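Hydrogens, waters and symmetry mates are skipped; everything else that's a heavy atom, side chains included, is used. Chain naming here is simple, since letters A, B, ... match the order of the sequence lines and numbering starts at 1 in each. Here the structure is a predicted model, which is why all the values come from computation and not from measurement.
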There are 2 protein chains.
Amino acid sequence: MAAESTRQLILSTAFSLIQSKGYNGFSYRDIADEIGIKTASIHYYFPKKCDLGRALMADYRSRFKDALLAIDQDADDSTNKLRQFTALFIQTLAQENRMCLCGMLATEISTLPVEIVEEVKGFIADTEKWLTRLLTRGCQAGWLQFAGNPEDQAKALFAALEGAMITARTLNDRRHLEKVAKQLHATMIVTNK
Amino acid sequence: MAAESTRQLILSTAFSLIQSKGYNGFSYRDIADEIGIKTASIHYYFPKKCDLGRALMADYRSRFKDALLAIDQDADDSTNKLRQFTALFIQTLAQENRMCLCGMLATEISTLPVEIVEEVKGFIADTEKWLTRLLTRGCQAGWLQFAGNPEDQAKALFAALEGAMITARTLNDRRHLEKVAKQLHATMIVTNK
DNA sequence: GTCTATAAGATGATAGAC
DNA sequence: GTCTATCATCTTATAGAC
């Protein structure tokens with residue numbers, strides 16, 4: 001269907017733009033010019049910009065959740081699950097220096113419509129909850145070790161990855177993120193198990 | 001002098017706006033309305049928006065450097081210097097939920113004029129360099145302990161603080177940042193010294 | 001579904017009066 | 001220094017023809 005195709009094209013183009021320039025940094029015109037359509041056509045699928053923004057963030061949240069589920073279902077031990085998790089961030093950055101949509105929108109939070117704010121908050125809550133469970137189990141099984149409690153360590157770990165994406169992008173050095181990821185692993189993974 | 005006062009008023013108002021809404025999220029009109037002047041007056045002091053943005057980031061970078069120098073000159077040991085460092089981020093967030101200007105602009109990096117980009121890069125380089133020195137000395141003196149090398153640990157530490165400011169602001173919970181800071185301390189500070 | 005046309009408002013910026 | 005007036009341009013958004 002031509003309709004479904006255009007809709008998908010709008011979504012993927014907008015996704016790329018919002019990951020690199022932010023919600024306030026892209027316009028319907030940017031999308032239209034890139035695809036070769038008119039802005040009115042975009043309004044047909046997404047009447048208001050916040051409709052598009054909400055759809056993008058909701059999709060992203062859903063796909064990220066699927067990725068976490070896939071890690072859960074993997075037979076690997078906690079250390080490898082942790083590596084798979086950090087790899088999600090490294091892969092995103094490797095793709096044209098794109099930011100995690102959550103980190104991007106969270107920084108713009110005070111300028112966003114409420115519907116989008118809720119999705120961003122949900123993404124953080126989902127991820128910290130998942131990470132807390134991973135860290136708790138990893139500790140119990142003796143694969144992981146760290147000071148403090150799993151909840152706070154999960155917050156610190158997620159924050160470090162989001163922050164490192166930002167600094168890596170700014171310094172135009174994706175290895176920056178890889179170094180931070182490696183450092184985070186070294187801090188938590190029990191090597192003499 | 002009225003001139004100096006207006007200039008300072010513009011800078012402080014713009015600073016507050018850019019910390020909360022980002023470079024692409026504030027306008028000359030926002031500043032003018034808040035101060036009670038016209039946008040043309042702002043153009044008198046800062047002809048182009050990037051002049052204002054550059055001034056704000058350069059000032060911030062300079063003041064942050066001074067704060068780091070003050071920590072250096074303090075008689076405290078490395079663990080307390082580290083606590084003073086993380087306190088800088090906590091204090092910023094405590095002030096009306098404001099972001100670190102570096103983290104804010106770094107996220108918008110792909111939309112910023114080059115002069116500003118250079119200041120942001122410089123801020124990251126300055127801070128990571130200072131932190132690396134602190135961590136190196138703290139290790140040598142036996143106050144601090146961590147896996148890997150000081151350079152990468154410095155990158156991870158800075159990234160975690162910037163990231164935690166973002167998540168804390170989004171969740172509207174400044175204790176989020178405090179928990180992450182505490183966690184970072186617990187990870188590195190040798191308790192039985 | 002996609003377009004043209006158009007609107008109302010914001011934005012960064014400048015010229016020139018006071 | 002600060003203002004009024006004005007600018008070209010962009011932005012989100014809608015109405016209606018095809």
*Measure from NZ on A:Lys38 to C1' on D:dT11 and round the result to the nearest Å.*
16 Å
*May I ask you to test the A:Gln91-A:Leu88 pair for a side-chain heavy-atom distance under 4.5 Å?*
yes
_With a 6.0 Å cut-off on the ring centroids, do A:Tyr60 and A:Phe123 count as close?_
yes
*Just grab all the side chain to side chain donor-acceptor pair (under 3.5 Å) pairs involving residues 62-74 of chain B, residues at least two apart or on different chains.*
B:Asp72-B:Trp130, B:Asp72-B:Arg133
_In whole Å, I'd like the distance from the NE2 atom of A:His43 to the P atom of C:dA5._
17 Å
*Identify whether NZ of Lys or CZ of Arg in B:Lys38 sits under 6.0 Å from the centre of the six-membered ring of B:Tyr28 and within 45° of that ring's axis.*
no
*Taking atom C1' of C:dG9 as reference, at what distance in whole Å does atom CG of B:Asp33 sit?*
14 Å
Below 3.5 Å between N/O atoms, which protein atoms pair up with nucleotides 16-18 of chain C? Just atom names and distances, please.
none

*Mark yes when over 12 heavy atoms from residues, nucleotides or ligands other than B:Gln145 sit less than 6.0 Å from its CD; otherwise mark no.*
no
_Looking at C:dT14, I'd like to know if its phosphate oxygens (OP1 or OP2) sit under 4.0 Å from a side-chain N or O belonging to B:Tyr44._
no
*Determine whether B:Val120 and B:Met57 make a side-chain contact, defined as any pair of heavy atoms from C-beta on separated by less than 4.5 Å.*
yes
_Can you list, in residue-number order, the parts of residues 46-54 of chain A that come under 4.0 Å of DNA chain C, counting heavy atoms only?_
none
_Nearest-angstrom distance from the residue atom CD of B:Gln8 to P of D:dG1_ = 14 Å
*asked:* Suppose we screen for side chain to side chain donor-acceptor pair (under 3.5 Å). Which residues come up paired with A:Arg169, at least two apart in sequence or across chains?
replied: none
*Return no unless some side-chain N or O of B:Thr6 is found under 4.0 Å from OP1 or OP2 of D:dT2.*
yes
*Output the residues of residues 14-31 of chain B in contact with DNA chain C, where contact means a heavy atom of the residue under 4.0 Å from an atom of the strand; sort by number or write none.*
B:Phe26, B:Ser27, B:Tyr28, B:Arg29
*With side chains defined as the heavy atoms from C-beta onward, is the minimum distance between A:Thr187 and B:Phe146 less than 4.5 Å?*
no
*Does any non-hydrogen side-chain atom of B:Leu105 lie less than 4.5 Å from one of B:Leu56?*
no
*asked:* Nearest whole Å is fine: how far is C:dC3 C1' from A:Ile35 CD1?
replied: 15 Å
*Pairs where residues 87-106 of chain A contributes a residue and the test salt bridge (Lys or Arg N to Asp or Glu O under 4.0 Å) is met, not counting sequence neighbours*: A:Glu96-A:Arg98
*Hey, are B:Glu115 and B:Arg54 close enough for a salt bridge, meaning a charged N less than 4.0 Å from a carboxylate O?*
no
*OP1 or OP2 of C:dG1 less than 4.0 angstrom from a side-chain nitrogen or oxygen of A:Ser41, does that happen here?*
no
